[in-house]
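Here the structure is laid out as C-alpha cells; the discussion comes afterwards.
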Amino acid sequence: PGTSSHWHNNAHEILRTVGLIPSATAADLAKVATDASVMKQFNPMLSLESREHLALSILIWLQLCVYEDKLRRLASFFRLGCLDEMMRELETKTVWDVTLHPYWLIFEVENGIQIRQEQYKVAQHLIGNPGDVIQLNMGLGKTRVILPMLILHASYKKHDSGGQFVRDKVTRLHFLSALFEEAYNYLQNHLCASILGIKIYTMPFCRDFKLDLASVATMKHIMNGCRLDGGALVVAPEHRLSLELKAKEMHQIDESDI
C-alpha cells in the first residue's frame, strides 16, 4: 500500500495489484527521459511538480548507471593490468548537458559506454555546421558512437509549447555498398531494438525496376511511415542515384503522372 491515505492512491494500488495498471520497469523509467507522457501510463495522478521532480531524478539515475559501468570497466582494466586503457577511461568525462540530450544518455546506458570528449566535439561541430566534412582515423567511434549521436539529435527535437521531445522527420544516411549491410545491422540492433526505438528503414532501388502507380504509392506510404516514426533511412549512393535517374527517364517518356 502507498503512504498516502487519499482514496485515489488506494484505488490505484488495488488496480496495480490485479494487473489492470502496469508496473514500471527500468526500461519504462528510462523512456521518461525523452517522453514524460509515459508517466501517465503508470500513475495518472502525479502533479506537474511531481512529474518534473521524477524526470530530473531519472536523469540522475541514468548518469549513475553510466558511472557504474565506468567503474566496472576500470576494475576490469586494473585486473588485466591495462594501465593505458585505465588512464584513458579516467580521463573520459561527460561534457554535454544531459537535459538537452537525454537520448544520448539513454544510448550510453544501453550500450555500456561513456561518450568521450573528442566524440562529442566532433558531433557538436557537425550539428552546428551542416554540410561540413570531418575525417577521422579508424577506431575513434565514427559508426558506433558519433553516427548514432547524430541520428538521435536529428530524430529528436523539443516541441516549443511543452518542452517535450517529438520525432517527426526522416534522417537519411548514406553508406558505401561495402559498409551498407554492417551499418544497417548495427543501427537496427542498437537504435531500433532499444529503448529509443528509432526505426531503421531501407529502400534499395534499381533502374530496371518497372514503376507503376501502385509501387509509387507503396514507396510514398513507407516514407510517410518513416517520417511519422521519426525514423532513419539507410541508402547506398547507387540506390539514390538510380531513383533520381529513373524519375528523369520516366519524365522523358511522358509518364510524369507516376
Side-chain angles (χ1 to χ4, degrees), residues 26-28 30-31 33-35 62 65-66 69 94 96 98 100-116 118-157 165-206 218-243:
D28 294 321
K31 288 180 183 177
T34 57
D35 184 6
L62 290 172
C65 290
V66 172
D69 290 334
T94 301
W96 43 276
V98 296
L100 296 179
H101 307 286
Y103 36 81
W104 288 352
L105 188 56
I106 296 174
F107 177 74
E108 284 184 323
V109 172
E110 280 204 294
N111 292 277
I113 64 171
Q114 186 177 17
I115 296 171
R116 299 196 298 268
E118 58 269 24
Q119 293 169 336
Y120 168 71
K121 184 177 180 180
V122 171
Q124 187 65 18
H125 176 85
L126 293 174
I127 291 170
N129 300 274
D132 274 18
V133 177
I134 293 181
Q135 181 176 354
L136 296 175
N137 293 329
M138 293 179 60
L140 296 182
K142 297 185 294 296
T143 304
R144 298 292 190 265
V145 180
I146 298 174
L147 180 61
M149 290 174 65
L150 296 174
I151 295 172
L152 291 170
H153 176 80
S155 296
Y156 284 93
K157 71 175 182 179
F165 286 95
V166 295
R167 287 164 32 190
D168 60 357
K169 64 170 62 175
V170 176
T171 304
R172 187 168 68 176
L173 311 171
H174 297 259
F175 289 98
L176 297 176
S177 298
L179 304 174
F180 184 88
E181 184 175 355
E182 178 188 355
Y184 175 79
N185 290 334
Y186 177 80
L187 296 175
Q188 189 78 10
N189 291 332
H190 290 80
L191 291 184
C192 182
S194 73
I195 295 173
L196 296 162
I198 302 292
K199 293 186 178 180
I200 309 298
Y201 291 74
T202 182
M203 193 181 295
F205 189 82
C206 176
T218 300
M219 295 169 66
K220 184 177 179 180
H221 177 73
I222 292 172
M223 293 309 302
N224 282 335
C226 183
R227 178 180 60 81
L228 294 174
D229 290 333
L233 177 66
V234 180
V235 300
E238 56 268 30
H239 299 160
R240 175 177 55 83
L241 294 174
S242 293
L243 187 57

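- Summarising the geometry of L140 relative to R116, their closest heavy-atom pair is O-NH2, 3.6 Å, with the distance given to 0.1 Å.
- A search for side chain to side chain donor-acceptor pair (under 3.5 Å) contacts involving Y201 returns D229, not counting sequence neighbours.
- One distance of note links CG of D69 with CD1 of I113; it measures 10.0 Å at 0.5 Å rounding.
- Ion pairing between a basic and an acidic side chain is recognised when a charged N comes within 4.0 Å of a carboxylate O; E110 and K31 show no such pairing.
- Residues passing the side chain to side chain donor-acceptor pair (under 3.5 Å) test with Q188: none are found, sequence neighbours excluded.
- Using a 4.5 Å heavy-atom threshold, the side chains of H153 and W104 count as touching.
- Counting only heavy atoms from C-beta outward, the side chains of V109 and V66 approach each other to under 4.5 Å.
- The minimum heavy-atom distance between S155 and G230, with the atom names listed, is OG-O, 3.5 Å.
- Summarising the geometry, atom CD1 belonging to I222 is positioned 10.0 Å from atom OG1 belonging to T202; distances are rounded to the nearest 0.5 Å.
- Smallest separation of non-hydrogen atoms from A236 and F180: N-CE1, 3.7 Å.
- The shortest side-chain heavy-atom distance between L173 and L187 falls under the 4.5 Å cut-off.
- Between I151 and F107 there is no side-chain heavy-atom pair separated by less than 4.5 Å.
- Contacts of R172 classified as side chain to side chain donor-acceptor pair (under 3.5 Å), with partners at least two apart in sequence or in another chain: H174.
- Residues A123 and M149 share a closest heavy-atom pair of CB-CE, 3.7 Å.
- Between I198 and T171 the shortest side-chain heavy-atom distance does not fall below 4.5 Å.
- Annotation: the span from I200 atom CD1 to N185 atom CG amounts to 11.0 Å, rounded to 0.5 Å.
- The 12-atom threshold is not exceeded at CD of E182, counting heavy atoms of other residues, nucleotides or ligands nearer than 6.0 Å.
- Residues L152 and H101 form no side-chain contact, since every pair of their non-hydrogen atoms from C-beta on lies 4.5 Å or further apart.
- Within the 4.5 Å cutoff, no side-chain heavy atoms of I115 are placed close to those of T94.
- Here CG of L228 is found 10.0 Å from NZ of K199. Values are rounded to the nearest 0.5 Å.
- Of all heavy-atom pairs between T143 and Y186, the closest is O-CE2, 3.7 Å.
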Give the C-alpha distance, both sets of side-chain angles, the deciding distance and a yes or no for side-chain contact (heavy atoms from CB on, under 4.5 Å) between Q124 and W96. CA-CA 9 Å; Q124 187 65 18; W96 43 276; over 6 Å; no
Decide side-chain contact (heavy atoms from CB on, under 4.5 Å) for V170 and M223; before the verdict, give the C-alpha distance in whole Å, the side-chain angles of both, and the deciding distance to 0.1 Å. CA-CA 8 Å; V170 176; M223 293 309 302; 4.0 Å; yes
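- The environment of NZ in K142 is crowded: more than 12 heavy-atom neighbours from other residues, nucleotides or ligands sit within 6.0 Å.
- Here the closest heavy-atom approach between residue I195 and residue A30 is recorded as CD1-CB, 3.8 Å.
- Two residues are said to be in side-chain contact when any heavy atoms from C-beta on lie closer than 4.5 Å; Y156 and P102 fail this criterion.
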Steps toward side-chain contact (heavy atoms from CB on, under 4.5 Å) verdict (E118, L136): CA-CA 11 Å; E118 58 269 24; L136 296 175; over 6 Å; no
